[in-house]
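Scroll down for the structure; my scribbles are underneath it.
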Amino acid sequence: MKIGVLALQGDFERHRRALARVRAGEPVESVEVRKTVELRDLDGLIIPGGESTTLLKLMEYFGFWPALDAFHREGKPIFGTCAGLILVARDVENPPQPSLGLIDVGVERNAYGRQRESFEARGDADLDGPTSLEMVFIRAPRIRRVGPGVSVLARHKDEPVMAREGSVLVATFHPELTDDPTVHTYFCAMAQRSRRPR
Ligand code: GLN
């Protein structure tokens, strides 16, 4: 199985290391994606954290907007973390900016105020079974609205911090910054399932 990590800007190297820790299912190969043609033979794509406005500009420049739309329409899984979530969300505020709208959530950027800009916490998740996750938040967005077709998979203090709608998975925190491979294992299982004929 081949998972791409969008490598235009941000935290892509740590996602590759996290993918290398996934042990369940098929062996996982990870590749850095800088050109749209590199999406062609992937089974899933991770859009990492970073600075969403910069990422947005680079994605526009390199033609990723229509390419990711097509990737999504093929049913290929996409996982957006932090800035990656901001890019795939339906609505973005603080300030508003264009986004791909691949998952029906509304997000507010940099929504934790100054003192709590970056922090670690534990939260509860249900990823094919209940679990507790260590969560690293870095100038994180908050999910302010969850559409009816969206499942909340993890919460921190009752607030949604991880969600899924079909083939699109998002998290406001950075699972690639802990040693726990649970979240990446879950995404790889999504990618594996999406390949099977129904
Ligand atoms: N604050 C960033 C933004 O709004 C996201 C931060 C991150 O990805 N760690 O784009």
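Numbers for residues simply follow the sequence, beginning at 1. Remember, it's 1-based here, ligands and their atoms both numbered in the order they're listed.
Ligand-side atoms of ligand 1 in range of S52: 3 (C), 4 (O), 10 (O), range being under 4.0 angstrom from any heavy atom. Of all the atoms in ligand 1, the ones that sit under 4.0 Å from a non-hydrogen atom of E51 are 10 (O). Every atom of ligand 1 with a heavy atom of H174 under 4.0 Å away is listed here by number and element: 7 (C), 9 (N).
For atom 4 (O) of ligand 1, the closest non-hydrogen atom of the protein is R109 NE, 2.7 Å. Given atom 1 (N) of ligand 1, the protein heavy atom at minimum distance is N110 OD1, 2.6 Å. For atom 7 (C) of ligand 1, the closest non-hydrogen atom of the protein is C82 SG, 2.8 Å.
The residue from R16, H15, K2 that alone fulfils the side-chain hydrogen bond (donor to acceptor under 3.5 Å, both in side chains) condition with S30 is R16.
Side-chain contact, T182 with D180: a donor N or O sits under 3.5 Å from an acceptor N or O. Residues Q97 and S52 have side chains that bring a donor and an acceptor to within less than 3.5 angstrom of each other. Side chains of S151 and R164: a donor-acceptor N/O pair is absent below 3.5 angstrom, by distance only.
The side chain of I86, and not its backbone, has at least one atom closer than 4.0 Å to an atom of ligand 1 (non-hydrogen atoms only; side chain from C-beta on).
We find that E176 and R17 are not joined by a salt bridge, their nearest charged nitrogen and carboxylate oxygen being 4.0 Å or further apart.
The distance criterion of under 3.5 Å between nitrogen or oxygen atoms is not met by T53 with respect to ligand 1. Taking distance alone, with nitrogen or oxygen atoms compared against 3.5 Å, G50 approaches ligand 1 more closely than that limit. Between G49 and ligand 1, no N or O atom pair is found at a separation short of 3.5 Å.
No donor-acceptor pair closer than 3.5 Å links the side chain of R144 to the backbone N or O of P141.
Note: H174 and F137 fail the aromatic proximity criterion, with ring centroids not under 6.0 Å apart.
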